[in-house]
Trainee: 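What follows is a single structure, and I will ask about it in a moment.
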Amino acid sequence: MSPPTPCRRRALPVLTAALAALLYGLAPPAAADDGPADWTARPAGSGTGRDARARPAGSGTGRDARPYVYLEGTPGTVLQDRLAVTNSGRTPLTVRLRGDGRAGGWIRFAEDTVTVPARTRADVPLALTVPPDAVPGDASGEAVAIGGGEEIRVPVRVRTVGPTLAALTVEDVEVSGGAIRYALVNRGNAMLRPRLAVRAEGVFGTLLDRPERPLPLELAPGRRAERTEPWPDAPALDAVTVRLRVTAPGGVRDEAAASATYLPVGPAVGGGLLLLGGLAVFASGAYRRRRRTGRAAPRPTTVDAQPPVATEPLLKAGAKT
């Protein structure tokens, strides 16, 4: 067989490509997937990814799209927004709406259940009522849309406007063994990041002096946190007073103290047993002496009284003889 000529070599790639195209055209087309309805739920005005086709008119796109519902108001006010539910599937879709979390619990939808036609978007109004007793600060939650076997959560952020009060107390300080237990309580309406300093004084001077340091704790308004401060080198014999000082940004400051007495366990127990033994020996000896004294004491004798002897007549009789 003669080697291929240059013309044949150039024709081989062309024939290969033509054969591949022919085989591709003869292959059956992929069946369309008519699975569950494709839908998304976002705050009205968002327009990123696959829900870009369903954003409200005039809504932002790209970086201007809203990632979550954000509302701001004073206690007792009613704030309004809309939640866009998009059904890009081929069949109608029924969606249930509810709120979750702290701020989500303040939400009420115009309709708790909405049916969205195929390839349609529904903008559902929502009203968020800030509680009259809400403290100034931030609260978070979620608007939840459930339908078609899926659940989508839309973040909700609410800022309550008003004067801010920062207050923090340290309570229930207790010293036991190698640990100092205490509780921190946020008495204000601002989020606090406390700092702690610890100092312990004994009979002969300072036993513990830990400078102020930040605690790995963020304390929300009204929250209480019980904590333990380790003291591995606590004294074996001493009377101590432990003082805790807590601070937080905004001029927050509070102090509390507790006292404790440390005694060696072994000597204390041994001394107590020795004392009890001595008392027992003393009591036993005293009891035995009482019994011996009672036995040696003579019994009193009783003498029967006799009538007096009449001697005077006898004397008289003798005198006559």
Side-chain angles (χ1 to χ4, degrees), residues 72-76 100-106 130-142 155-269:
E72 183 176 315
T74 57
D100 192 20
R102 183 185 175 193
W106 302 345
V130 183
D133 58 349
V135 297
D138 297 329
S140 61
E142 294 174 317
V156 177
R157 304 286 186 266
V158 180
R159 170 161 293 181
T160 304
V161 181
T164 301
L165 173 64
L168 178 67
T169 59
V170 54
E171 304 174 2
D172 301 333
V173 181
E174 178 185 351
V175 184
S176 177
I180 304 169
R181 298 178 178 85
Y182 63 98
L184 298 178
V185 184
N186 187 341
R187 300 291 183 181
N189 57 20
M191 190 73 69
L192 297 178
R193 293 176 175 83
R195 302 173 63 89
L196 175 71
V198 184
R199 186 178 180 87
E201 298 285 345
V203 176
F204 302 104
T206 303
L207 301 174
L208 181 66
D209 189 6
R210 295 178 182 173
E212 186 177 281
R213 72 185 192 280
L215 296 176
L217 174 67
E218 188 175 51
L219 204 58
R223 296 296 300 274
R224 172 188 176 95
E226 296 184 355
R227 298 185 55 83
T228 299
E229 184 78 8
W231 191 8
D233 53 349
L237 177 63
D238 207 339
V240 302
T241 298
V242 176
R243 187 172 301 276
L244 304 182
R245 185 181 73 250
V246 293
T247 61
V252 178
R253 178 188 177 94
D254 191 38
E255 291 187 3
S259 299
T261 301
Y262 287 86
L263 291 174
V265 177
V269 174

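The figures that follow rest on heavy atoms only: side chains count, while hydrogens, waters and symmetry mates do not.
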Trainee: Taking salt bridge (charged side-chain N to carboxylate O under 4.0 Å, His left out) as the test, write out the residues that go with E229, two or more places apart.
Mentor: R210, R213
Trainee: Taking side-chain contact (heavy atoms from CB on, under 4.5 Å) as the test, write out the residues that go with A167, two or more places apart.
Mentor: R187
Trainee: Report yes if the side chains of V170 and D254 come closer than 4.5 Å at any heavy-atom pair, otherwise no.
Mentor: yes
Trainee: Under the side chain to side chain donor-acceptor pair (under 3.5 Å) test, which residues partner W106, sequence neighbours left out?
Mentor: none
Trainee: Listed by chain and number, what are the salt bridge (charged side-chain N to carboxylate O under 4.0 Å, His left out) partners of R181, not counting sequence neighbours?
Mentor: none
Trainee: Once side chain to side chain donor-acceptor pair (under 3.5 Å) is applied, do any residues pair with D133, and if so which ones, sequence neighbours excluded?
Mentor: none
Trainee: When rounded to the nearest 0.5 angstrom, what is the spacing between CZ in R223 and CG in N186?
Mentor: 10.0 Å
Trainee: Quick check for you: to the nearest 0.5 Å, what is the distance between R102 atom CZ and E142 atom CD?
Mentor: 15.0 Å
Trainee: Find out whether L208 and I180 are in side-chain contact, i.e. whether some heavy atom of one side chain is under 4.5 Å from a heavy atom of the other.
Mentor: yes
Trainee: Going by the rule side chain to side chain donor-acceptor pair (under 3.5 Å), which residues pair with D138 if we only count those two or more places apart in sequence or in a different chain?
Mentor: R159
Trainee: Just distance, no hydrogens or angles: give the donor-acceptor pairs under 3.5 Å from side chains in residues 240-250, sequence neighbours left out.
Mentor:
unit_1 : atom_1 : unit_2 : atom_2 : d
T241   : OG1    : S259   : OG     : 3.4
T247   : OG1    : E212   : OE1    : 3.0
T247   : OG1    : E212   : OE2    : 3.4

Trainee: Could you check if a side-chain atom of E201 sits within less than 4.5 angstrom of a side-chain atom of T206, using non-hydrogen atoms only?
Mentor: yes
Trainee: Residues in side-chain contact (heavy atoms from CB on, under 4.5 Å) with R224, at least two apart?
Mentor: E171, D172, A183, V185, E226
Trainee: Among residues at least two apart in sequence or on other chains, which ones pass salt bridge (charged side-chain N to carboxylate O under 4.0 Å, His left out) with D209?
Mentor: R199
Trainee: Return the set of residues passing side chain to side chain donor-acceptor pair (under 3.5 Å) with R227 (not counting sequence neighbours), or none when no residue passes.
Mentor: Y182
Trainee: Using the side-chain contact (heavy atoms from CB on, under 4.5 Å) criterion, which residues pair with A190? Sequence neighbours excluded.
Mentor: T164
Trainee: For residues L184 and L215, determine if any side-chain heavy atom of one lies less than 4.5 Å from a side-chain heavy atom of the other.
Mentor: yes
Trainee: Strictly distance-based, threshold 3.5 Å: is any side-chain N or O of N189 a donor or acceptor partner for the main-chain N or O of P221?
Mentor: no
